[in-house]
Structures are given as C-alpha cells and as structure tokens.
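Ligands are counted one by one from 1 in listed order, and the atoms in each one are counted from 1 as well. Basis for what follows: all heavy atoms, side chains included, without hydrogens, waters or symmetry-related copies.
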Amino acid sequence: MNTLILNNNNQSLEIAKNIINLGGLVAFPTETVYGLGGNALNKQSIDKIYKAKGRPSDNPLIVHVCDEEMLKPLVTHIPYKARLLINAFCPGPITLILNKTNIIPDEITNFKSTVGIRIPENELALKFIRTCGVPIAAPSANLSGKPSPTSFYHVKEDLDGIIDAIIHDVDTKFGLESTIVDMSNDTPVLLRPGAITLKMLEKIVGEVQISPYLINNTFIEDNIEPIAPGMKYKHYSPKAPITLFKCNESTFINHVNNLIAKNNDKKIGILFDDRIDKFIKTNYVVTLSLGSNHLDYGKYLFKHLREFDNQNVDIIYSFYFDEDDANLAFMNRLKKAAGFNIIELV
Ligand code: TXA
Ligand code: MG
C-alpha cells in the first residue's frame with residue numbers, strides 16, 4: 001500500500017475524511033503521542049487497526065472526540081466527578097473511562113461495558129476529528145511492543161506501507177500517553193499516569209485510588225484480567241536490555257564509568273539528564289540526555305529509546321530518576337521499558 005503523507009490544510013483534511021469514511025486508517029498527531037485513527041463506529045476499521053499494529057484484540061482502544069456533542073451519544077451518562085474532570089482538563093492529555101452505550105461496537109472495548117474517551121487538545125487533531133465528523137478510535141501509532149511515536153518520523157518508520165495516510169505535524173508536546181482515569185465507579189481510579197498528575201486530579205475530585213498494577217512494580221500476570229488491559233503487555237522496549245541504577249547522581253556516574261572501562265567489547269547506551277557529559281567517551285558509548293526537568297524527560301524518553309535501537313547498542317544503563325508527582329508518568333514508562341530491572345547501589 002502507498003501511504004499518503006498529508007499536511008495541515010483543508011484539502012489534506014478532506015482526503016483524510018474520505019479515507020476514514022471509506023473504512024481506512026489515518027495516523028494523526030495529538031499532544032501526547034501520534035494516534036492510529038479509524039472510524040470508531042465501523043467494525044472493519046477497528047479490525048484493521050488491530051492488524052496494522054499487530055495488537056492483541058483483547059486490548060481495548062480509546063475513542064477520540066472533538067467536543068461534548070460528539071461525546072454524549074457514546075456514554076450512558078457523565079457522572080458528577082467526571083463532569084468536574086472534563087471541565088478542568090478537556091480538551092487535554094486525559095482519557096476518562098465511562099459506561100458505554102450500544103453505539104460503541106464491542107470490538108473497540110473487547111466486550112467491556114466501559115469505553116475510554118479522550119478529547120485531545122492538539123489543534124490539528126481536533127480539526128481532523130471535526131472534519132471526519134465521526135468519533136475516531138485510536139491507539140498509539142506504533143507497532144505493538146515498540147515505543148509510542150512522538151514524531152511523524154516514528155510513525156513513518158513503523159507504519160509506512162501499512163496504513164492509508166499519515167498527517168505530518170511537529171513532534172508531540174508531552175511525549176507520554178494520556179493519563180487514564182476510570183470514572184465508572186464512585187471513586188476515580190488512576191489506571192495510567194500522564195501529564196495530568198495524581199495531585200492535579202485530586203485537587204479537582206478529592207480521593208483518587210491508584211491501580212494496584214501501578215503500585216506493584218511488576219507486569220500483570222497473563223491469567224488475571226487487568227483493569228487497563230494494555231497494562232499486561234510488555235511495552236516500550238528497546239532491543240537492548242535496560243538496567244536502572246537507583247542511587248545518587250555521582251554514584252551513578254562513577255559506577256557507569258567503571259562499567260564502560262571494563263566492557264570495551266559492548267556498545268553501551270546511557271540515559272541520564274543534562275549532566276550526560278560526565279561519562280567516558282569512546283566509540284562504544286552512546287550518551288543521550290533527557291534534559292533538565294520532568295517535562296523534557298517525558299518529551300524525549302520514547303525518542304531516545306528508538307535512537308538506542310537505531311544505534312544498535314547492546315546494553316542500556318539509565319539513572320533511576322525521582323518518582324515525585326510530576327515524574328510519576330515518566331518513571332512508569334521507564335520502569336516498564338526496563339522490564340523492572342532495577343539495581344540499588346549504596
Ligand atoms: O495519549 C493517548 O492516550 C494515546 C493518543 C493516541 O490518544 N493513545 C493511546 O492508546 O495511548 P493506547 O491504545 O496505546 O493505550 C490505551 C490504553 C490501553 O492500555 C488500554 O488497555 C486502555 O487504554 N483502555 C482502553 N479502553 C479501556 C477501558 N474501557 N477500560 C480500561 N482500560 C482501557
Ligand atoms: Mg500504545
């Protein structure tokens with residue numbers, strides 16, 4: 001298949017609309033990561049999304065809408081606390097799990113009674129959904145198991161020749177997928193941390209529970225039904241194994257420099273902050289800086305994981321960053337990418 005590259009203009013968006021209405025797939029930018037969109041009301045489109053990504057069909061998709069008018073027919077009701085979150089954070093990097101109506105095909109939710117709804121804030125995403133005039137089902141636009149795409153080039157790398165079109169935009173603003181909150185019961189439950197942090201949620205709705213899968217640093221056993229089904233799959237993994245060193249900055253720098261000195265037969269990737277120039281430089285060392293604050297960390301994580309793949313490193317050493325409220329989402333993705341391989345140094 002020849003994958004069309006579309007730009008931010010009315011003619012391109014009309015083409016995107018025609019593709020979506022004919023049951024095709026269009027990748028589009030959002031403020032979190034690029035999404036792989038299809039008509040949420042068309043079962044064939046949904047089937048195509050799972051096939052294109054190589055994604056297990058028991059992992060439900062999020063439905064993207066441009067406004068409340070498009071949202072209303074999809075859910076049975078909007079509970080009071082969900083209403084508060086919508087007023088505070090939508091459009092924005094948050095997905096609310098709500099009880100669905102029959103309009104949403106079971107193929108989207110894997111026969112669950114709930115559906116994830118998101119109103120993205122990216123202007124081009126909103127224009128795309130509005131032009132199509134239908135809710136857009138979209139997982140992240142990467143091949144299953146690869147890091148989510150934060151740039152147009154990542155989408156092209158994974159899906160060129162596999163989907164109908166990709167809308168070209170700048171790199172995404174946040175770089176980590178949306179916060180997911182289950183609002184289908186009285187007490188909200190945080191299923192996936194994102195740019196809307198736990199503290200931000202609690203300020204609006206009071207108590208928010210944290211999914212046990214986020215607290216226990218493990219993958220979910222395959223034989224139990226996880227609350228957010230996607231959480232049981234290994235995610236975001238670069239080809240090389242990652243080791244996270246939990247210690248202070250100077251211990252990390254010394255320890256990794258010792259490892260570089262000892263292992264001159266391996267290509268070593270190092271993930272750290274803007275103090276990245278503290279490492280021994282050889283042809284066998286690839287150093288990538290995540291920048292200087294949590295917003296940068298989130299923005300560059302997936303990009304750097306892909307870069308380590310492109311540079312064919314054998315092994316990756318990363319600093320174990322703080323896990324405060326602002327950094328929770330970033331650390332959640334980093335620990336998953338590392339398969340929870342954490343070594344504490346004293
Ligand atoms: O930022 C984002 O959310 C991006 C952009 C494209 O919007 N999308 C995204 O989709 O990350 P995806 O499919 O990669 O992740 C969606 C997650 C999965 O872990 C899935 O299991 C969970 O949402 N999910 C979807 N529907 C659900 C439901 N009804 N109940 C619980 N979890 C659900
Ligand atoms: Mg994904």
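Other residues, nucleotides and ligands place more than 12 heavy atoms under 6.0 Å from the CG atom of Asp265. Counted within 6.0 Å of CG on Asn9, heavy atoms from surrounding residues, nucleotides or ligands total more than 12; the atom is thus considered enclosed. Counting non-hydrogen atoms of other residues, nucleotides and ligands closer than 6.0 Å to OH of Tyr284 gives a total of 12 or fewer. Around the NZ atom of Lys156, the shell of radius 6.0 Å holds no more than 12 heavy atoms that belong to other residues, nucleotides or ligands.
The residue from Asn99, Ile104, Ile97 that puts a heavy atom closest to atom 33 (C) of ligand 1 is Ile97.
Near Gly35, with a cut-off below 4.0 Å to any heavy atom, the atoms of ligand 1 are 6 (C). Near Lys112, the atoms of ligand 1 lying under 4.0 angstrom from a non-hydrogen atom of the residue are 28 (C), 29 (N), 30 (N). Distances below 4.0 Å separate heavy atoms of Ser140 from the following atoms of ligand 1: 8 (N), 9 (C), 10 (O), 12 (P), 14 (O). The Ser178 neighbourhood of ligand 1 comprises atoms 1 (O), 2 (C), 3 (O), with distances under 4.0 Å to a heavy atom of that residue.
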Exercise for the section: Would you sort out whether Phe279 and Ile253 count as a side chain to side chain contact (heavy atoms under 4.5 Å, CB included), showing the intermediate values? Expected result: CA-CA 7 Å; Phe279 297 97; Ile253 293 166; 4.0 Å; yes
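An N or O contact shorter than 3.5 Å links His64 to ligand 1 by distance. Looking at Thr30 next to ligand 1, no N or O pair under 3.5 Å apart turns up. Between Tyr34 and ligand 1, a contact under 3.5 Å exists for no N or O pair.
When non-hydrogen atoms are compared, ligand 1 lies under 4.0 Å from neither the backbone nor the side chain of Thr109. Residue contacts with ligand 1, taken as heavy atom pairs separated by less than 4.0 Å, involve Glu177 via backbone and side-chain atoms alike. When non-hydrogen atoms are compared, ligand 1 lies under 4.0 Å from the side chain of Arg55 (C-beta onward) but not from its backbone. With a heavy-atom cut-off of 4.0 Å, Asn59 touches ligand 1 through its side chain alone.
Ser45 and Asn39 are not linked by any side-chain donor-acceptor pair at a separation below 3.5 angstrom, with hydrogens and angles left out of the test.
A donor-acceptor contact shorter than 3.5 Å links the side chain of Thr30 to the backbone of Thr32. Checking side-chain atoms of Lys53 against main-chain N and O of Asn142 turns up a donor-acceptor pair under 3.5 Å. With His64 contributing its side chain and Ile136 its backbone, the two residues share a donor-acceptor pair below 3.5 Å.
For the pair Ile62 and ligand 1, a heavy-atom separation below 4.0 Å is found. Using a non-hydrogen distance threshold of 4.0 Å, Arg192 registers as a contact of ligand 1.
For Ser148, every N, O or S atom stays at 2.8 Å or more from the Mg ion (ligand 2).
Evaluated for a side chain to side chain contact (heavy atoms under 4.5 Å, CB included) with Leu4, the options Ile19, Ile163, Val26, Asp164 yield exactly one hit, Ile19.
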